[in-house]
Structures are given as C-alpha cells and as structure tokens.
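Below is one structure, written out as structure tokens; comments come after it.
When reading the values below, keep in mind they use all heavy atoms of this one structure, side chains included, and skip hydrogens, waters and symmetry mates. Indexing begins at 1, ligand by ligand and atom by atom, following the structure's order.
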Amino acid sequence: MGLLPAAGNWLGKVVDLVRANCAHCDRSHRTVCPPGQADKTAMQILQGIAVSPGIAIGEALVVDNEGFRIPSRFVLRDAVEDELKRLDLAIEAVAGEIRHNRDTVTQQLGDQYGAIFSAHLQMLRDPMLHDELESLIRQQHHSAEYAVSRTLRRYAKVFQQLDNVYLAERAHDVFDLESSLLANLLGRRRESLADLEAPAIVLAHNLTPNETARMNRDFVLSFVTEAGGPGSHTAIIAKALEIPAVVGTGIFLADVSGGDLVIVDGDHGQVILHPDQETLDRYKQEIDDHRSLAQRLAGLKDQPAETIDGTRIELLANIEFPHEMQACLDRGAEGIGLYRTEFLYLGAESEPTEEDHFQAYAEVIRAMGQLPVVIRTVDLGADKMGQFPHTEEEHNPFLGVRSIRLSLRNLDLFRIQLRAIARASALGQVKVMFPLISTLDELRQAKMVLADTVEDIRDEGIECADSIPIGMMVEVPSAVIMIDKLVQEVDFLSIGTNDLTQYALAVDRTNKDMASLYRASDPAVLRLIDATLRAARAAGVTATVCGEMSSNPAHTLLLLGLGLRSMSIAPGALPEIKQICRTVSIGQCESIAERAMEMDSAREIDAYLQEQLRKVAPELVF
Ligand code: PEP
Ligand code: MG
C-alpha cells in the first residue's frame with residue numbers, strides 16, 4: 001500500500017476522470033451504460049510471444065489479485081436483491097477493517113499515516129462508486145464479485161495511465177481495495193494454482209518456473225504472462241504440461257477480470273479478451289483442427305522416424321517430472337534425452353534426499369525399460385532457484401553460480417545426486433550429463449566427483465552399472481571453441497540451444513523485450529551448432545540437440561541438413577517432428593541447410609524455413 005501525504009482529493013479527481021470517459025460508449029455519464037450497452041465490452045487482441053502451441057478457450061483466473069477466482073459473472077434475476085445485500089455487507093465489513101487499521105496506524109505512527117486509510121474509506125464510501133456497482137448488479141445481473149472486480153480494475157487502469165507518477169502508483173491502492181472486497185465476498189477463499197477446482201486460464205504478471213511446475217494441470221487450461229521471455233523455463237514447463245501459453249504480452253491485467261472469457265492462441269502468441277462470436281467460432285474450429293491432426297499423428301507412435309531415403313533419426317524426449325513418462329511412452333519416445341532433475345528441488349517442500357532422487361529416477365528408468373535415460377545433473381540457479389537458495393543473490397545470475405558451477409561448489413549436494421544416479425544405473429540404461437560446461441577443468445572435476453562417488457557406492461556393496469556413459473551439454477560458446485578437446489573426454493554431446501542462443505548473442509532468454517533478438521536460427525548460433533556437429537562426427541561421438549529448437553518443425557529441416565541424427569524434444573512435439581522426418585529426404589534437407597547457412601539474419605532464415613515447411617508439410621502449419 002502506498003503512502004499518501006494526506007487523504008486529499010486524489011481519488012475524486014481520478015473517479016471524475018474515469019467517469020469522464022465511459023469504457024463502453026465513449027460518452028460521459030455518472031454510472032455505467034444503460035442495459036445492453038455495457039455488455040458490449042470491446043474485443044481486445046494482445047500480441048505476446050508464443051511459447052507453447054495450441055488453442056485454449058476458457059474463463060480467466062487473474063492471479064495478481066492474490067488468486068481469487070470470480071465464480072460467476074451473472075446471477076439470476078430474482079437473486080439480484082440478495083447480491084446487493086452481499087455487496088453492502090462486504091462494503092461494511094471492509095470499511096470496518098479499514099477504520100480499525102486507520103485507528104491503529106494513527107495511534108502508532110501519527111495522522112499522516114492514518115490518512116492512507118482515510119483515502120481508502122473515502123473511496124469505498126463514494127456514493128457514485130456504489131451507484132455504479134449497484135447498477136451493474138441490478139441492470140446487468142452481474143455477481144457482486146464481478147461488478148467489484150470490473151469496476152475497480154477500470155479505475156485502476158485510469159490511475160496507471162496517468163502521467164503523474166505519484167497518482168499512477170495509486171493503482172495499487174485500488175487493487176488493494178478490490179482484494180479486500182473480494183476476500184469478503186468470497187469468504188477469504190483463495191485458490192493456489194496447485195489447488196484449482198475448476199478449469200481456468202491463468203493470467204499473471206509473471207510466473208516463476210517453480211509456480212508453473214506446481215500448477216494443477218487438470219484445471220489450468222493455459223496461461224498468459226505480461227512478462228517473461230521466449231526461452232524461460234516457465235515457457236518450457238508450459239510445453240511439458242502441454243498447455244497453450246503466451247508470455248511477454250506487456251501490461252494488460254487491468255483490462256480483464258476473473259471470469260471473463262479469454263482465448264489463448266499459443267500458435268501465434270495472441271490473447272483475445274472478450275472475444276466476439278465470430279472469433280469464438282473460428283477458434284473452436286481451430287481446436288477441432290488441432291484435435292484431428294493429433295489423432296492422425298497418433299498413428300505414427302510405433303513407426304520409426306525414418307526419412308524417405310531411409311536414414312534413421314533418433315527421437316528422444318525431454319522431461320522435467322517422472323509423471324511425464326506416460327506422455328513419452330504414448331508418443332513412442334525412444335528414450336529420455338534430457339531429464340531436467342532440478343525440478344525435483346523446484347516442486348519440493350523440503351530439500352530432496354538421496355532416496356527422493358533415487359525414487360524419481362527409478363520411476364523414469366523402469367518406465368523406459370531398456371531404453372536410454374539421460375539424467376542431467378541439477379541445473380539450479382539463474383531463473384531456477386526455488387526455495388533452497390544455494391547461492392547468494394547475484395547481479396547476473398545467468399553468468400553466476402549456476403548449474404555445474406553450483407554443483408561443484410556444493411559438493412555435498414552434488415554427491416547426493418550422483419549417488420542416486422549411480423544406484424539407479426543398476427536399473428536400466430542410464431547416462432549422466434553435465435550442464436553448462438564452459439571449461440575443460442569443469443568437465444574433469446565433475447567426472448572426478450562422479451568416479452569417486454561410484455567407487456564409494458561399489459565399496460559399500462551397492463549395485464551399480466558396470467559403466468555409466470558420460471555426456472556434456474554444449475550450451476556456452478567457449479565449449480564450442482574448445483569442442484575438439486572436450487569431445488575427447490565424453491561419450492556423447494547434447495547441444496542446449498536455449499542457452500547457446502542466450503550466451504552467443506548476449507540476450508537474456510527470459511527478457512520479453514529482447515525476444516526479437518533471441519533466435520536459435522541466428523546465423524551465429526547456426527555456425528556454433530554446425531561446428532559442434534562436425535567435431536562430434538570427426539570424433540565418432542553422438543550429438544543430440546535438446547534445446548527447444550529441435551521441437552520446431554521448420555528448424556528440424558535445417559538440423560537434419562546439418563547432419564543431426566538425434567533430437568530430444570518435449571513429448572508433445574514428438575508426433576509432429578516424427579512426421580517431418582518421415583516426409584523429407586536427407587538430400588532435400590541438405591540443400592535447405594546449405595541455402596540457410598548462406599543467409600545473413602535469423603529473420604531471413606526463419607522466413608525461408610517456414611516457406612519450406614509449408615511446402616513439405618502444410619498440414620503442420622497453423
Ligand atoms: C538448453 O539450454 O538448451 C537446455 C536444454 O537446457 P535448459 O533449457 O534446461 O537450460
Ligand atoms: Mg541450458
């Protein structure tokens with residue numbers, strides 16, 4: 001809550017401003033539009049960054065007001081009087097709370113501070129606000145919650161748009177008031193994203209990977225965030241959950257209330273608020289199109305990913321949680337190419353023990369039978385810190401104690417994980433992979449700690465595989481520069497294009513304002529990928545791409561042309577990528593890659609690859 005110098009007339013000024021320009025009809029009047037008119041809330045289309053494909057249509061759950069769900073927009077005609085009573089009771093209760101706070105604060109800190117609450121009271125008691133709420137309930141039959149949320153958000157938006165920074169900050173006071181009224185109307189019930197009880201589209205300013213990982217995927221139909229960049233782990237989790245998601249839309253939460261109808265177009269990064277009937281019908285058709293494509297592609301499950309000229313491509317899956325195994329098996333994954341084990345920390349109430357690690361790995365390995373499982377050691381730090389910080393706050397966390405650096409500085413933590421991996425290696429075909437290797441020393445140290453741990457396990461008489469293949473991620477330019485040496489010391493390489501793009505181009509993968517620069521198809525990144533694939537071939541070592549790039553069908557054409565024969569991708573993307581592999585010849589992909597590698601910019605390359613994709617697999621272009 002902001003500090004006010006006095007309970008002056010800031011509120012009155014803004015209320016006048018709100019009323020000077022009705023959001024519905026551009027006219028000036030004291031209350032809402034007459035019946036019929038106010039319902040015509042204009043459709044609004046927001047452009048963000050598409051991070052997880054598909055279409056979702058549903059009711060909004062706005063998370064910025066502390067997770068309140070506005071249960072229903074409308075009440076029956078004969079419930080209107082009860083609804084008005086509920087509203088009055090809530091206003092009375094909140095006024096009582098505010099008076100109490102005002103008196104306590106005035107007593108402890110003085111009149112100036114108590115004045116903050118007087119301003120809130122003044123707003124709450126404003127007769128015109130009351131008229132407006134009453135009119136929405138009486139004439140539009142809106143529920144009290146919806147009337148409160150919609151009206152106060154409209155006020156808050158006017159505050160936010162004011163040129164005066166001090167008054168713009170007052171939007172928070174209006175949101176505070178909204179929260180207090182909703183808390184009363186909804187009996188202080190708050191829904192955490194993990195405990196939703198009905199389907200919703202989550203709208204938030206930002207979501208951490210941790211919060212996203214805890215979402216109840218049975219009810220979160222989709223999510224949209226004002227902030228967030230294309231390569232964030234929040235975006236990656238959306239793909240794992242197989243829900244459409246859009247990030248980086250910029251500020252819009254004041255334009256929407258819980259319960260409003262929203263469409264999320266995860267294919268094109270669009271969010272449609274208050275859609276009109278025609279738009280709604282078009283998107284319902286698109287949902288049907290997606291469904292029938294998925295049904296057709298489901299038939300490929302047991303078919304090999306083989307190009308038309310007979311080259312076999314290995315299609316592995318990326319997972320974050322053991323519960324994704326079913327999705328991998330359903331899509332015919334040939335193994336797990338990247339198990340992001342740090343999510344064990346992000347989703348947990350307490351720090352995972354060796355047994356917790358072991359049980360999680362055992363579940364995945366048993367589900368895969370004799371198929372390979374690449375367990376990546378924890379990549380904590382940067383945007384994935386969760387509730388167990390192992391580093392101090394850093395100015396540049398993506399350049400700081402992240403990933404293998406964090407493991408090597410916390411050897412107890414590293415050993416716990418390596419012991420669990422060594423034990424789990426007895427259960428199937430386990431491989432270990434170290435993330436963010438940037439020097440030869442780092443790789444050698446990590447290998448040494450692993451060798452020591454395996455020796456300890458054997459000394460303790462615990463069963464363990466005869467040998468555990470060791471791989472490293474290639475996701476820092478220095479690793480590509482040193483790749484001829486690094487490749488001699490590993491059994492396999494996996495190119496992490498998400499980080500490789502970030503570090504090669506010096507672009508924060510989580511920053512929406514840098515999204516246009518963050519492109520894995522940038523010629524500089526492509527040269528790094530090409531160099532890595534060449535070095536791997538020369539050394540006779542397998543190289544996989546496990547960054548999001550390999551989930552993009554247009555990029556698949558290019559990667560196959562550069563000689564890639566193994567990809568690890570989000571389980572949901574497996575059918576489409578298999579379809580592409582089965583549609584093209586290697587010769588065709590080589591000519592595409594040759595042409596793309598001559599181009600000067602990611603924009604040009606992406607346009608060209610999209611055009612090629614449209615030619616070879618038009619059914620995959622939405
Ligand atoms: C990558 O960087 O491409 C990668 C696969 O790792 P993560 O996205 O977990 O950083
Ligand atoms: Mg990475």
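Ring centers of F252 and H205: at least 6.0 Å apart, outside the cut-off. Ring pair F398/Y503: centre-to-centre distance not below 6.0 Å.
By the criterion of a heavy-atom distance under 4.0 Å, neither the backbone nor the side chain of I495 is placed next to ligand 1. Contacts between N318 and ligand 1, counted as non-hydrogen atom pairs separated by less than 4.0 Å, are absent for every part of the residue. Heavy atoms of R402 found under 4.0 angstrom from ligand 1 belong exclusively to the side chain. At a heavy-atom cutoff of 4.0 Å, ligand 1 is contacted by the side chain of D379 but not by its backbone. Contacts of K384 with ligand 1, taken as heavy-atom pairs under 4.0 Å, involve the side chain alone.
Taking every non-hydrogen atom of G496 and a distance limit under 4.0 Å, the qualifying atoms of ligand 1 come out as 1 (C), 2 (O), 3 (O). Atoms of ligand 1 lying under 4.0 Å from at least one heavy atom of I236, given by number and element, are 8 (O). Those atoms of ligand 1 with a heavy atom of R340 less than 4.0 angstrom away are 4 (C), 5 (C), 6 (O), 7 (P), 8 (O), 9 (O). Below 4.0 Å from some heavy atom of C546 lie the following atoms of ligand 1, by number and element: 5 (C). Below 4.0 Å from some heavy atom of D499 lie the following atoms of ligand 1, by number and element: 1 (C), 2 (O), 3 (O), 10 (O). Atoms of ligand 1 lying under 4.0 Å from at least one heavy atom of L338, given by number and element, are 5 (C).
Nearest heavy-atom pair across I483 and A535 is CG2-CB, 3.4 Å. Between L344 and P352 the shortest heavy-atom distance is O-CG, 3.7 Å. Closest of all the heavy-atom pairs between L564 and L533 is CD1-CD2, 3.7 Å. Closest approach of S52 and I243 over heavy atoms only: OG-O, 2.7 Å.
Counting only heavy atoms of the protein, atom 7 (P) of ligand 1 lies nearest to H233 NE2, 3.3 Å. Protein heavy atom closest to atom 6 (O) of ligand 1, with residue, atom name and distance, is R376 NH1, 3.0 Å.
Using a 4.5 Å heavy-atom threshold, the side chains of L450 and I421 count as separate.
By the 3.5 Å distance cut-off applied to N or O atoms, R509 is counted among the residues near ligand 1.
Remark: side-chain polar atoms of Q445 are not paired, donor with acceptor, to backbone N or O of E442 under 3.5 angstrom. For K578 (side chain) and K301 (main-chain N/O), a donor-acceptor pair under 3.5 Å exists by modelled atom type.
Put simply, the angle at the Mg ion (ligand 2) from OE1 in E475 to OD2 in D499 is close to 100°, to the nearest 10°.
Taking a 4.0 Å cut-off on heavy atoms, M473 registers as neighbouring ligand 1.
Put simply, the residue from L253, L203, L207, L46 that forms a side chain to side chain contact (heavy atoms under 4.5 Å, CB included) with V224 is L203.
Within the 2.8 Å limit, D379 places no N, O or S atom next to the Mg ion (ligand 2).
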Next on the checklist: D606 vs R603, test: salt bridge (Lys or Arg N to Asp or Glu O under 4.0 Å). Steps then yes/no.
Outcome noted: CA-CA 5 Å; D606 277 334; R603 202 169 15 87; over 6 Å; no
